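Reviewing the structure listed below.
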4 protein chains.
Amino acid sequence: MGDTMDGSKQQRRGNTRQRIQDVALELFAEQGYEKTSLREIAERLDVTKAALYYHFKTKEEIIVSLFEDLTRPINELIEWGREQPHSLETKQELVRRYSRALAGAAPLFRFMQENQATVRELSIGESFKNRMLGMRDIIVDPDADLVAQVRCVSALFTLHAGMFVMQDIEADPEEKREAVLQVAIDLVTQAHQGS
Amino acid sequence: MGDTMDGSKQQRRGNTRQRIQDVALELFAEQGYEKTSLREIAERLDVTKAALYYHFKTKEEIIVSLFEDLTRPINELIEWGREQPHSLETKQELVRRYSRALAGAAPLFRFMQENQATVRELSIGESFKNRMLGMRDIIVDPDADLVAQVRCVSALFTLHAGMFVMQDIEADPEEKREAVLQVAIDLVTQAHQGS
Amino acid sequence: MGDTMDGSKQQRRGNTRQRIQDVALELFAEQGYEKTSLREIAERLDVTKAALYYHFKTKEEIIVSLFEDLTRPINELIEWGREQPHSLETKQELVRRYSRALAGAAPLFRFMQENQATVRELSIGESFKNRMLGMRDIIVDPDADLVAQVRCVSALFTLHAGMFVMQDIEADPEEKREAVLQVAIDLVTQAHQGS
Amino acid sequence: MGDTMDGSKQQRRGNTRQRIQDVALELFAEQGYEKTSLREIAERLDVTKAALYYHFKTKEEIIVSLFEDLTRPINELIEWGREQPHSLETKQELVRRYSRALAGAAPLFRFMQENQATVRELSIGESFKNRMLGMRDIIVDPDADLVAQVRCVSALFTLHAGMFVMQDIEADPEEKREAVLQVAIDLVTQAHQGS
DNA sequence: TATGAATGAGGCTTCATTCAT
DNA sequence: AATGAATGAAGCCTCATTCAT
């Protein structure tokens with residue numbers, strides 16, 4: 001009581017950092033990292049630019065923090081994968097889990113897909129690439145023939161593509177995700193059985 | 001003689017416009033459109049910024065001109081596709097030709113893949129998207145089931161991915177391209193035969 | 001006990017003001033007043049910037065307080081000088097005492113020597129300049145010829161220079177101080193005896 | 001004629017670089033390097049900040065260029081000194097020439113004297129210090145006793161001090177310069193004859 | 001006695017663009 | 001066909017300072 005008058009100001013206390021991340025990710029994904037200015041982010045939050053600098057030392061630190069927070073599930077997934085036998089079942093399950101992880105960090109992945117040039121120059125670029133190669137190494141058997149290898153890479157890429165390119169196809173989102181998953185699993189399975 | 005002394009100056013005559021495009025595309029692909037300044041382009045060419053403005057009215061015009069010049073083969077491909085019957089053979093041939101077209105305009109596609117956010121805001125963004133949807137409409141049968149549709153989209157995307165993601169896999173480039181093509185054709189074929 | 005565990009925290013009690021002055025003077029002398037930020041001072045003390053404002057109303061107040069604390073011996077010296085007869089003995093003794101006073105406030109003088117432009121704009125600038133002129137008026141006889149006057153000014157300046165410029169000459173510091181003092185006394189003595 | 005209407009605009013063509021240097025040195029000397037903003041310099045010249053950047057890549061480059069341009073006479077002086085025998089006559093002549101060189105670059109030296117902290121951090125700091133040590137090595141005999149060495153250093157410093165500290169003593173500037181020179185020469189001479 | 005959060009002003013720098021020559 | 005000089009807008013970042021707690 002006496003406190004409940006203004007909900008919007010209430011929520012503002014103590015979670016500014018989080019709010020900055022949210023708005024930043026939204027704008028980065030929509031317009032690109034370079035085209036999004038700190039002024040813009042600050043204005044949307046009704047705060048001064050200087051306030052951003054209280055919470056993050058640089059513009060880059062904002063996006064790095066997003067990476068660190070949002071890619072954790074994928075890191076864990078890769079670690080899980082590394083400890084499993086490289087069997088077909090593992091690969092299928094990995095694809096299944098990856099599909100779910102992607103859905104959870106959709107805005108970040110949209111950002112990454114659309115700003116690869118930027119990401120590459122960022123300090124996270126390298127670390128992320130390594131992670132993806134880790135993923136590939138679990139799913140791709142380096143002794144298999146080339147076509148099988150391509151199938152596996154394609155499976156991963158199909159999941160990515162599924163998030164964005166498929167947007168224009170009209171269908172229930174959940175149904176679409178399942179269709180995409182199905183195709184990816186087929187690709188992995190075919191790769192396993194020999195071309 | 002008196003003219004023959006300096007070969008490099010010779011070649012420079014009259015093709016500055018072309019040289020600007022070459023350097024620009026290289027830098028745009030490498031660092032992104034926003035991060036590449038006209039100063040940088042000019043310096044690489046050993047020319048002043050103002051010289052660029054003699055050949056192009058704006059920075060955007062440089063990239064637009066690249067699009068127009070380099071996507072022509074793909075436009076023609078789509079037009080060809082539209083006139084063919086939507087048979088399996090057509091689709092397979094389309095995939096084959098698309099693979100070749102991509103290889104021809106690799107730097108541009110690398111640029112587009114890595115700067116989607118930028119491209120979307122550029123005036124060519126929409127027009128290009130429409131073209132790609134045209135491509136999709138030839139290959140994807142809207143009455144087929146969802147999985148079949150995903151397979152077709154995935155085929156196209158596999159070709160794209162093939163150009164960049166596969167770079168780290170060690171194999172002869174031409175062999176790789178063929179393996180990628182094989183997988184794409186399989187996807188289209190499977191889609192046609194029913195999931 | 002419960003209090004005795006951490007010696008470093010103990011010492012910190014109640015003398016934060018002093019610690020701020022110490023760190024500030026060190027940094028001001030090293031990097032200059034303008035280039036030294038309150039953030040930097042606070043970080044070195046492991047305190048927040050706001051804490052500085054509990055002890056000092058402004059950044060300027062920090063340096064003003066240093067002046068007031070550290071130039072007291074020199075003020076007293078000048079007052080002493082004013083009450084003595086303007087004899088050669090007085091002048092020699094003044095130079096001797098000044099040499100000792102300078103050694104006691106070395107960091108402050110180093111700061112002043114290296115940041116004259118800043119000091120001039122600070123509120124203490126004028127007051128300090130007046131003090132130095134007071135010093136000069138004791139030692140310089142306005143009726144003497146110009147060369148004699150220059151000798152006296154030079155004597156004072158030699159003492160200053162001795163603190164910094166001589167650093168690179170290798171010799172025992174105390175011996176150096178004495179050599180400097182000797183030269184200064186000679187200058188004053190020569191001035192007194194007529195050029 | 002037809003050209004002679006507006007002298008101030010006329011002079012502006014083609015010598016902007018020089019004008020920037022002039023105004024910059026004046027302001028740097030008056031207020032210090034850090035406290036002088038590029039905005040201020042630009043405003044005084046009735047130009048935009050960006051214009052400064054056409055002529056100098058950074059703020060630091062402005063002052064570095066001033067150093068390079070204005071310390072040339074002193075560099076030459078040192079080189080001359082190095083080639084002479086280290087006789088008393090040489091030392092006296094060096095002091096005489098140095099006095100003249102200082103008068104020629106008075107504003108720069110005023111700047112340096114008053115912004116030592118800044119100069120030290122600048123890229124020229126080290127190079128300048130080395131030059132001054134070169135000067136010292138010509139005039140100071142490392143085998144002489146300490147007092148003699150101090151006398152020589154003091155001679156140089158007296159010349160510096162003469163430019164600024166003596167300002168308040170009322171006398172004809174040229175007479176003052178000569179008095180200062182006289183004292184410096186006396187110091188060098190005494191040093192040479194043994195303390 | 002101090003912190004956490006924020007502000008407003010201003011710093012240096014870069015950019016795309018223009019225009020007279 | 002190209003340069004030299006300049007502009008206006010905007011970018012990122014840092015600073016001294018404030019105030020409620």
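Everything numeric here is computed off the predicted structure, so don't read it as measured data. Just so it is clear: chains get the letters A, B, ... in the order the sequence lines come, proteins before strands, and each one is counted from 1.
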From CG of A/L45 across to C1' of E/dA5 the rounded distance in Å is 14 Å
- Evaluate the criterion salt bridge (charged side-chain N to carboxylate O under 4.0 Å, His left out) for residue pair B/R44 and B/E40; output intermediate values, then yes/no. CA-CA 6 Å; B/R44 268 253 247 249; B/E40 216 173 342; over 6 Å; no
When both distances are under 3.5 Å in a Watson-Crick or G-U wobble arrangement, the nucleotide paired with E/dG11 is F/dC12
query = So, A/K59 side chain and A/Y33 main chain: donor-acceptor pair closer than 3.5 Å or not?
reply = yes
Rounded to whole Å, the CD-C1' distance (B/E34 to E/dA16) equals 12 Å
Whichever of C/V47 and B/E60 has the more 5' nearest nucleotide on DNA chain E, that residue is C/V47
Exercise. Below 4.0 angstrom from OP1 or OP2 of F/dA6, is there any side-chain N or O of D/T48?
Worked result: no
Contacts of C/K49 and D/A51 projected onto DNA chain F by closest heavy atom; the upstream (5') one is D/A51
Whole-Å distance, B/L52 CG to F/dG4 C1', equals 15 Å
Residue pair A/K35/D/A50 against DNA chain F: nearer the 5' end by closest nucleotide is D/A50
Exercise for review: I would like to know whether D/R72 and D/E68 meet salt bridge (charged side-chain N to carboxylate O under 4.0 Å, His left out); could you show each step before the answer?
Suggested key: CA-CA 6 Å; D/R72 205 162 298 142; D/E68 283 168 0; over 6 Å; no
Separation of F/dC12 atom P from A/K59 atom NZ, nearest Å, is 5 Å
note: D/Y53, atom OH; E/dC12, atom P; distance rounded to Å ~ 6 Å
To the nearest angstrom, the CG-C1' distance between B/L38 and E/dA16 comes to 6 Å
Would you please confirm or rule out a distance under 4.0 Å between OP1 or OP2 of E/dT14 and any side-chain N or O of B/R39?
no
Can a donor-acceptor pair be found, under 3.5 Å and without considering hydrogens, that links the side chain of D/R120 to the backbone of C/E30? yes
- Can you check whether C/T16 has a side-chain N or O nearer than 4.0 Å to OP1 or OP2 of E/dT1? no
Partner of E/dT18 under the Watson-Crick or G-U wobble criteria, both distances under 3.5 Å, comes out as F/dA5
| Can you tell me if the side-chain N/O atoms of A/Y54 get under 4.0 Å from OP1 or OP2 in E/dA6? | no
Quick note, D/S37 side chain, CB onward, closest among E/dC12, F/dT7, F/dG4 is E/dC12
note: B/I63, atom CD1; E/dA16, atom P; distance rounded to Å ~ 12 Å
E/dG4 phosphate, OP1 or OP2, under 4.0 Å from A/H55 side-chain N/O = no
C/N15 atom CG is separated from E/dA2 atom C1', nearest whole Å, by 15 Å
Do C/I20 and C/I62 come within less than 4.5 Å of each other through their side chains, counting heavy atoms only? yes
